[in-house]
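Structure, as structure tokens:
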Amino acid sequence: MEDDLRDEMQVLDKTWQKMTAKVHQEGFREGADEGRNRSFQQGFDQGYAQGFSTAFTQACFNGALRTLKGTNFPNLSPSLEELTNPHRAMCQICVSP
């Protein structure tokens, strides 16, 4: 009788350990996925805001230079005239190989 009880307790203990290990593993996976997703989203949001700010500033300068060019501003340097082409606007991504 005592041996049967001990065997049953061992089976219950092993079953409990398997179940808790599975729950811990699933919890870890879900936590890792959630952390990864939050980190990626935060990086994307930060990069998007920075890129938008830079592009907006660049567009403002481009607009000002095009306005000066359109009014035949006499002192507009040829090097500044090149900047009215948005593909040559000294973007660090474009400048860096």
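Just so it is clear, the structure is predicted and the values come from calculations on it, not from any experiment.
Checked by atom type and distance alone, the side chain of Thr54 pairs as donor or acceptor with a backbone atom of Gln50 at under 3.5 Å.
In this structure Gln41 satisfies the side chain to side chain donor-acceptor pair (under 3.5 Å) test together with Asp45, sequence neighbours excluded. Remark: Glu8 pairs with no residue by the salt bridge (charged side-chain N to carboxylate O under 4.0 Å, His left out) rule, at least two apart or across chains. Evaluation of the side-chain contact (heavy atoms from CB on, under 4.5 Å) rule for Tyr48 yields Phe44 as partners, not counting sequence neighbours. Not a single salt bridge (charged side-chain N to carboxylate O under 4.0 Å, His left out) links Glu30 to another residue, sequence neighbours left out. With sequence neighbours left out, the side chain to side chain donor-acceptor pair (under 3.5 Å) criterion links Asp33 to Arg36. Not a single side chain to side chain donor-acceptor pair (under 3.5 Å) links Gln46 to another residue, sequence neighbours left out. Partners of Asp4 under the side chain to side chain donor-acceptor pair (under 3.5 Å) rule, at least two apart in sequence or in another chain, do not exist in this structure. The salt bridge (charged side-chain N to carboxylate O under 4.0 Å, His left out) check on Asp3 picks up Arg6, with sequence neighbours excluded. Not counting sequence neighbours, Ser39 has no partner by the side-chain contact (heavy atoms from CB on, under 4.5 Å) test.
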Using distance only, find each side-chain donor-acceptor pair of residues 18-29 under 3.5 Å and give its atom names and separation, not counting sequence neighbours.
{"from": "Thr20", "atom 1": "OG1", "to": "Trp16", "atom 2": "O", "distance (Å)": "3.0"}
{"from": "Thr20", "atom 1": "OG1", "to": "Gln17", "atom 2": "O", "distance (Å)": "3.1"}

